[in-house]
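Proteins come first, then strands; the chains are lettered A, B, ... in the order of their sequence lines, and each starts at number 1. Side chains included, hydrogens not; waters and symmetry mates left out as well; all remaining heavy atoms used. It should be emphasised that the depicted structure is a prediction, and the values quoted were computed from it without experimental measurement.
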Number of protein chains: 2
Amino acid sequence: MAPEESCIIRHFEHYRRLSPKEKEILASLEKAPTAVSAGTTLWQEGKAASEFCTLSAGWAYSYRNLDCGSRQIMEIFLPGDIIGLREFAFNEHLEGVTMIEDGTVCYFPHRRLLELFRDSLTLTTVTFAISNRQQALLCERLVTLARHSARQRLAHFLHEMYIRLRQTMPEGGPSFRLPLSQQQLGDLLGLTPVHVSRTLSAMSEDGLIYRNHHTINVPDIKALAEEASFNDLYLNTNLRPLFEDAPPES
Amino acid sequence: MAPEESCIIRHFEHYRRLSPKEKEILASLEKAPTAVSAGTTLWQEGKAASEFCTLSAGWAYSYRNLDCGSRQIMEIFLPGDIIGLREFAFNEHLEGVTMIEDGTVCYFPHRRLLELFRDSLTLTTVTFAISNRQQALLCERLVTLARHSARQRLAHFLHEMYIRLRQTMPEGGPSFRLPLSQQQLGDLLGLTPVHVSRTLSAMSEDGLIYRNHHTINVPDIKALAEEASFNDLYLNTNLRPLFEDAPPES
DNA sequence: CGAACTGTTGACACCTATCAATTGCGGTGG
DNA sequence: CCACCGCAATTGATAGGTGTCAACAGTTCG
């Protein structure tokens with residue numbers, strides 16, 4: 001595939017325009033696409049970590065298995081995301097990663113990221129920015145877990161996914177496909193699947209969302225944001241103008 | 001003060017040995033120390049962001065004010081930490097920052113970090129690693145908020161602080177000073193101050209901790225870790241050996 | 001058509017929030 | 001040095017949200 005079509009390049013260009021050389025560096029990360037089917041575990045927590053991968057197609061999630069027997073889903077990955085970025089500094093994977101749907105991933109060794117840091121200041125800052133944004137997503141979820149009701153948590157997550165999906169697919173209408181089971185939603189939001197079911201039903205009855213299998217229809221996105229007391233500051237991915245007059249490359 | 005004594009250099013050297021030139025770059029971040037008293041707010045959420053600062057002395061925390069009137073403390077900063085690193089990519093501060101005790105901070109503009117990225121691959125990777133570690137702390141707290149009881153949350157936080165403090169002050173015995181009010185603990189762990197009080201009292205009665213004003217004594221750190229089902233993987237700050245054969249500086 | 005999984009619904013228990021009153025502590029001024 | 005004030009911490013009673021257990025319905029896929 002031509003570099004221009006790569007998800008990861010689109011993702012990076014969301015933050016900053018890239019030169020052909022920079023695009024080439026990014027494209028080189030996706031030299032070895034691997035097809036993976038739904039339910040495949042890319043790696044397990046605790047295993048030695050030596051690689052990242054980019055997600056070219058399909059959804060994935062990372063998770064932690066807890067001593068108490070339950071499981072916490074940490075992050076939902078969409079096409080264009082780099083999986084494992086957070087674990088760069090660690091020798092073992094802190095989280096396992098599993099595919100939600102069939103998809104395609106491209107593994108690349110940690111060393112490649114160092115080369116990227118060495119070769120391009122722009123890619124370095126954008127990578128750092130992507131990491132920052134990921135962290136902001138975590139912070140928002142942390143807030144909802146600490147302080148919000150089950151209904152607010154679900155409203156918040158649905159709104160977040162709506163926004164994230166619209167950033168890559170600007171025209172998608174009021175509905176989107178959410179290929180997560182209620183068990184997975186519960187594992188993500190710290191709820192039991194039973195309570196997820198009850199809460200989603202209540203939200204449907206109140207006309208906040210409509211559900212059809214795995215398709216969610218949001219008739220009034222502002223009402224959903226209101227319900228979640230959503231803070232859209234953190235999804236703003238525009239880099240500060242500062243970067244325009246960044247110090248010159250060496 | 002001589003560069004060797006700076007908290008932030010000690011912090012960075014925890015990850016990787018630094019050359020004199022690299023130490024100098026770091027020391028240059030701390031050119032303008034400012035004394036700040038307990039309760040001072042360094043900046044508020046939503047305000048335009050143009051600076052980071054290093055924390056040279058004293059404790060601080062970052063927080064979010066929520067629509068529902070309560071407040072979520074996101075992060076506790078100790079001497080040697082860089083405050084605001086997470087907000088690098090954003091134009092506005094996502095979080096406010098307030099001093100817990102009297103202390104000293106050194107502001108420096110965002111641009112300085114770009115210069116650091118440009119001038120030293122080692123400092124770039126260590127900065128990225130520090131950001132990763134911060135993220136790992138967040139993940140752990142997210143897990144405890146999602147799935148653990150009040151007692152487990154408190155045990156976990158106390159254990160985490162114990163470990164973090166020992167990393168800078170290796171010999172400190174079984175007790176440490178924790179200058180946080182129960183209101184602040186509640187805001188950090190998603191609990192009401194009333195319930196924090198009850199839970200700490202119960203932990204004291206069970207001999208898990210002893211309290212004296214703001215000093216916490218942990219007679220059996222392993223018991224505390226057990227109680228919290230603590231995962232010490234994420235506090236492991238040793239960079240992977242990979243960094244030893246990092247590509248040469250340009 | 002049946003098995004296995006996912007989602008729904010009901011009854012009940014438990015943890016934590018809420019509201020309120022009281023105690024203890026630190027700082028201030030007489 | 002002591003009385004006083006304000007804040008932090010404690011303790012009690014009650015309410016509410018979510019977990020747990022269990023049964024049942026619906027969907028998917030062989």
### Message
I need the CG-C1' distance between A:Leu189 and D:dT18, as an integer number of Å.
### Response
14 Å
### Task
Quickly work out the B:Leu180 CG to D:dC7 P distance and round it to whole Å.
19 Å
### Message
For B:Leu42 versus B:Cys53, what's the shortest heavy-atom pair and its separation?
### Response
CD1-SG, 3.9 Å
### Message
Base, sugar-phosphate or nothing for B:Gly190? Non-hydrogen atoms, less than 4.0 Å.
### Response
sugar-phosphate
#### Entry: Whole angstrom value for the distance that separates C1' of D:dG19 from CG of A:Asp187
14 Å
### Message
Consider side chain to side chain donor-acceptor pair (under 3.5 Å). Of B:Arg71, B:Gln72, B:Gln182, which one does B:Asp187 pass it with?
### Response
B:Arg71
## Note on the structure
Between the CD1 atom in A:Ile82 and the CD atom in A:Gln134, the distance rounded to the nearest 0.5 Å is 9.0 Å
### Message
So if I take every side-chain heavy atom of A:His195 and compare against D:dG19, C:dT16, C:dG7, which nucleotide ends up nearest?
### Response
D:dG19
### Query
Closest to the B:Ser149 side chain: D:dG19, C:dT16, C:dT9?
C:dT16
### Message
How many whole angstroms separate atom CD of B:Gln183 from atom P of C:dC25?
### Response
20 Å
#### Entry: Residue B:Arg211, side-chain atoms from C-beta onward, closest of D:dG19, C:dT8, D:dT10
D:dT10
### Message
Both A:His214 and A:Arg198 contact DNA chain C. Which one's nearest nucleotide lies toward the 5' end?
### Response
A:His214
### Query
To the nearest Å, how far apart are A:Leu154 CG and C:dG7 P?
13 Å
### Query
With a non-hydrogen cut-off below 4.0 angstrom, is B:Leu191 in contact with a base, only sugar-phosphate, or nothing?
sugar-phosphate
### Task
Name the nucleic acid region contacted by A:Thr192, choosing base, sugar-phosphate or nothing; use a 4.0 angstrom heavy-atom cut-off, strictly under.
base
### Query
Closest to the B:Val194 side chain: C:dC19, C:dA17, D:dT18?
C:dC19
### Query
Rounded to the nearest Å, what distance is computed from the CD atom of residue A:Gln152 to the C1' atom of nucleotide D:dG16?
15 Å
### Summary
Atom CG of A:Leu185 and atom P of C:dT6 are separated, to the nearest Å, by 13 Å
Name every donor-acceptor pair, under 3.5 Å, that has one atom in a side chain of residues 188-211 of chain B and the other anywhere in the protein, sequence neighbours excluded.
from     : atom 1 : to       : atom 2 : distance (Å)
B:Thr192 : OG1    : B:His195 : N      : 3.3
B:Thr199 : OG1    : B:His195 : O      : 2.6
B:Ser201 : OG     : B:Ser197 : O      : 2.9
B:Ser204 : OG     : B:Leu200 : O      : 3.2
B:Ser204 : OG     : B:Arg211 : NE     : 3.1
B:Asp206 : OD2    : B:Arg151 : NH1    : 3.1
B:Asp206 : OD2    : B:Arg151 : NH2    : 2.8

### Task
State which of C:dC19, C:dT8, C:dT16 makes the closest approach to the side chain of A:Gln182.
C:dT8
### Query
B:Glu205 CD to D:dT10 C1': how many Å, rounded?
12 Å
### Message
Please give me the minimum heavy-atom distance between B:Gly84 and B:Phe52, naming the atom from each residue.
### Response
O-CE2, 3.2 Å
### Query
Does A:Ser197 place a side-chain N or O at less than 4.0 Å from the phosphate oxygens OP1/OP2 of C:dG7?
no
